[in-house]
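These figures come from a predicted structure and were not determined experimentally. Convention: sequence-line order gives letters A, B, ...; per-chain numbering from 1.
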2 protein chains.
Amino acid sequence: MRLVIAKCSVDYAGRLSAHLPLATRLLMLKADGSLLVHSDGGSYKPLNWMSPPCTIAMSEPSDEQREFGITELWTVTQGKTADLLIVSIHEVLHDSAHELGVDPGLQKDGVEAHLQKLLAEQIELLGEGHRLVRREYMTAIGPVDILATDAAGRSVAVELKRRGDIDGVEQLTRYLELMNRDPRLAPVQGVFAAQEIKPQARTLAEDRGIRCLVLDYDAMRGIDNADERLF
Amino acid sequence: MRLVIAKCSVDYAGRLSAHLPLATRLLMLKADGSLLVHSDGGSYKPLNWMSPPCTIAMSEPSDEQREFGITELWTVTQGKTADLLIVSIHEVLHDSAHELGVDPGLQKDGVEAHLQKLLAEQIELLGEGHRLVRREYMTAIGPVDILATDAAGRSVAVELKRRGDIDGVEQLTRYLELMNRDPRLAPVQGVFAAQEIKPQARTLAEDRGIRCLVLDYDAMRGIDNADERLF
DNA sequence: CGCTGCATTTCGCAT
DNA sequence: ATGCGAAGTGCAGCG
């Protein structure tokens, strides 16, 4: 990895056109040829970048460009998408290269998969007498997160989200419509379960007879097993 | 901005738990206190990070940690969300600080806004005799991208996307349902316009009587004006 | 290999 | 502030 702090301007032409006026920024060149342009703020997202696979060409500026103060030109191209990124460097303030090696990668634990596993194990959170039929119940238009039965043995289809948005309600509605045509399943009750449900989503869901269930992830995890804490 | 290349392991506990095994990585400390952990590959997304506002505390390791080879500990916390990120540093290979100043920011030009402008100008792409009523036509549940009339003077509502997905069809469907209840507008014909329309979205749209229109951005831009090229 | 759904999404705009 | 839609989204899993 090569790290360059430089006064530069940047132009990008691809799916959109973008321009960065002259300022001091970090240019990060990764081993795979990709380039990231970072400022000293914002989030983790670079101001501009070029994703691999791409090739970078360093070149001398023309006389005209030199008159504008450009001392160095970096042209980054992506063969497939014809994207083009040009870094016009005016002054290099720092330049260092480092051998990092291959990263073993991130180990994740959590999110929707875990939530689904927990709810499957604690299926009575749906209501007394509920039983799990199966997770990822396959339908013609995709898998329903959880299929269960209520105390009376009627089908219950659960759509799980971390954040319950209107999209999730639409998705569940499509599933329910389809599943209710299946005489082996009908009538199917819908449950929209999430850690947090947006008011609009709740309104839409309840308007369609879909039950809303707010899940307490920490509590569910606490019931599950109190041993898997990180610290 | 402070740049540190270090052999380190990283633990994150927040909405999920994540762990990075010992390896050499770039630690980027931004002026706003945020921290990014980058490897020498992947995309523009860091392996791990902490978003601002957050505070970072450097501390000495305990004797036990020192035995494991840890020479320095960075603890990053976010007051509001109680997220916690811990960097266990084993060896510092590079450490430099740089004054970058405030970035003037990115100037964008393109994507959906431009596509909307172009289609408004070239409204006959919808069909002969079509006329623009207005862009961002406001309804109770949000703005319709384009409202037009066809040759016979009937209303046409256009939903624009760069990539035509099933979500866009659902969105347009909600608009149409609402607008068709308005006697001044009804009957309203729906047009789903995008640079690329997914087969599933097309099927759903056509099943609901919504017309699909694939737009050629480059051609539309070419007709519009051939002067605004960057290079 | 293409499609689908998730994301510690982030970002920007409008209410 | 808050909610909502878009992103040069990236990424992983699965058919």
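Using a 4.5 Å heavy-atom threshold, the side chains of B:Val158 and B:Leu213 count as separate.
Between A:Gln171 atom CD and C:dG5 atom P there is a gap of 6 Å when expressed in whole angstrom units. In this structure, B:Gln107 places its CD atom 18 Å from P of C:dC11, rounding to the nearest Å. Atom P of nucleotide D:dG5 and atom CG of B:Leu160 are separated by 16 Å, given to the nearest angstrom. Taking atom CZ of residue B:Arg174 and atom P of nucleotide D:dC4, one finds them 11 Å apart after rounding to whole Å. Distance B:Gln116 CD to D:dA7 P: 12 Å, rounded to the nearest Å. Straight-line distance from the CG atom of A:Leu106 to the P atom of C:dC6: 19 Å, rounded to whole Å. Across the protein-nucleic acid pair, B:Asp165 atom CG and D:dG5 atom P stand 14 Å apart, rounded to whole Å. If you measure from atom CZ of B:Arg135 to atom C1' of C:dC13, you get 15 Å, rounded to the nearest angstrom.
Nucleic acid contact class of B:Met50 (heavy atoms, under 4.0 Å, all strands): none.
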Taking only nitrogen or oxygen atoms into account, show me every contact under 3.5 Å that the protein makes with nucleotides 10-14 of chain D, one pair per line with its distance.
unit_1, atom_1, unit_2, atom_2, d
D:dG10, O3', B:Ser43, OG, 2.9
D:dC11, OP1, B:Ser43, N, 3.3
D:dC11, OP1, B:Ser43, OG, 2.7

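For B:Lys30 (side chain) and A:Ser39 (main-chain N/O), a donor-acceptor pair under 3.5 Å exists by modelled atom type. One N or O on the side chain of B:Ser155 and one on the backbone of B:Leu185 form a donor-acceptor pair closer than 3.5 Å.
Aromatic ring pairs are classed by plane angle as parallel below 30°, tilted from 30° to 60° and perpendicular above 60°; the pair A:His38 and B:His38 is perpendicular.
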| task | Could you give me the CA-CA distance, side-chain angles and deciding distance for A:Ser51 and B:Ser43, then say whether side chain to side chain contact (heavy atoms under 4.5 Å, CB included) is met? | result | CA-CA 6 Å; A:Ser51 304; B:Ser43 67; 5.5 Å; no
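Residue A:Arg174 holds its CZ atom at 4.5 Å from CD of B:Glu170, rounded to the nearest 0.5 Å.
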